[in-house]
Amino acid sequence: MYKVSFTGYRPTKLPFFGEDDPLCIELKERISAQIASLADSGARDFFSGMALGVDTWCAEAVLELKKTRPEIRLFAVIPCKGQEIKWTAEQQKRYNDILAQCSAVKCISSTYTWDCMYRRNRELVSLCDVLLAVYDGKSGGTQYTVDYAKKQGKKVIVLPPV
């Protein structure tokens, strides 16, 4: 058994607009297939940083798989309390629905700090054996997390956004 963490872009960094875009639908299908493959090869614990976009889609894919594979567990590693406070009501509901289905939720900081996102990303890497990244080379938090995982000797699986 091994553990998998997720990293990837928020919606504004992706090359499509909206979840009903065929490119987004196809990406979500690839994410689900990769997570199922990881579960088939022994992954049982999955960790999401619960940001909008890829983190959310990965968490939802795990929860969908859990319906037929109850041994699978989803954990949330959130950067700070109130991460979702500025999101839309629909985004907040989705976030809270996912958190309610997690085996556990770890909160890195009680309040927002300049580095809580990076600390969350480092924690995601420390918890996993494999990092699944939706990534195409853009700079930012995803690149930082991929590079950090490689430096830590973690296996990194990269899914390009398109």
Checklist line | Test item: side-chain donor near acceptor, Tyr9 and Asp136, under 3.5 Å | finding: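 Checked: Tyr9/Asp136 side chains pair up, N/O donor to acceptor below 3.5 Å.
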Next item on the list: Verify whether one side chain among Thr88 and Gln91 offers a donor that lies under 3.5 Å from an acceptor in the other.
Entry: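 Present: a donor and an acceptor within the cut-off.
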Consider only side-chain heavy atoms of I, L, V, M, F, W and Y, link residues closer than 4.5 Å, and tell whether [X] and [Y] are in one cluster.
X      : Y     : result
Leu124 : Ile35 : no
Leu74  : Leu52 : yes
Val105 : Val4  : yes

Taking salt bridge (Lys or Arg N to Asp or Glu O under 4.0 Å) as the definition, give me every residue that meets it alongside [X], ordered by chain and number, with sequence neighbours left out.
X      : result
Arg122 : none
Asp129 : none
Arg69  : Asp40, Glu71

Notebook entry, point to check: Near Lys81 NZ, under 6.0 Å, is it more than 12 heavy atoms from other residues, nucleotides or ligands?
Noted result: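 For Lys81, atom NZ is not crowded (no more than 12 foreign heavy atoms under 6.0 Å).
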Say whether, by atom type as modelled, one donor and one acceptor occur between the side chain of [X] and the main chain of [Y] under 3.5 angstrom.
X      : Y      : answer
Arg120 : Cys80  : no
Lys150 : Val156 : no
Ser48  : Asp55  : yes

Check: How many angstroms lie between atom CG of Leu132 and atom CG of Leu159, to the nearest 0.5 angstrom?
Finding: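 Reported to 0.5 Å precision, the distance equals 5.0 Å.
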Notebook entry, point to check: Nearest 0.5 Å, what's the SG-CD1 distance between Cys116 and Ile108?
Noted result: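 Result: 9.0 Å between the selected atoms.
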Check: How are the rings of Phe46 and Phe6 set relative to one another: parallel (under 30°), tilted (30 to 60°) or perpendicular (over 60°)?
Finding: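 Because their plane-to-plane angle is under 30°, the rings of Phe46 and Phe6 count as parallel.
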Next item on the list: Please list all pairs passing the ring-ring contact (aromatic ring centres under 6.0 Å, His included) test where one or both residues lie in residues 15-39, with sequence neighbours left out.
Entry: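 Applying ring-ring contact (aromatic ring centres under 6.0 Å, His included) to every pair that reaches into residues 15-39, excluding sequence neighbours, yields nothing.
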Next item on the list: Tell me, please, whether Phe47 has Lys3 positioned over its six-membered ring: NZ or CZ under 6.0 Å from the ring centre and within 45 degrees of its axis?
Entry: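 That pair does not qualify as a cation-pi contact.
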Next item on the list: Mind checking side chain to side chain donor-acceptor pair (under 3.5 Å) for Thr145 and listing every partner two or more places apart, or none if nothing turns up?
Entry: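 Thr145 satisfies side chain to side chain donor-acceptor pair (under 3.5 Å) with Asn121 once adjacent residues are dropped.
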Notebook entry, point to check: Which residue pairs satisfy the side-chain hydrogen bond (donor to acceptor under 3.5 Å, both in side chains) criterion with at least one member in residues 94-109, sequence neighbours excluded?
Noted result: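 Found Glu19-Arg94, Glu60-Arg94, Gln83-Tyr95, Lys93-Asp97, Lys106-Glu123.
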Check: Can you name the nearest heavy-atom pair linking Ile72 to Ala39, along with the distance?
Finding: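 That would be CD1-CB, 3.6 Å.
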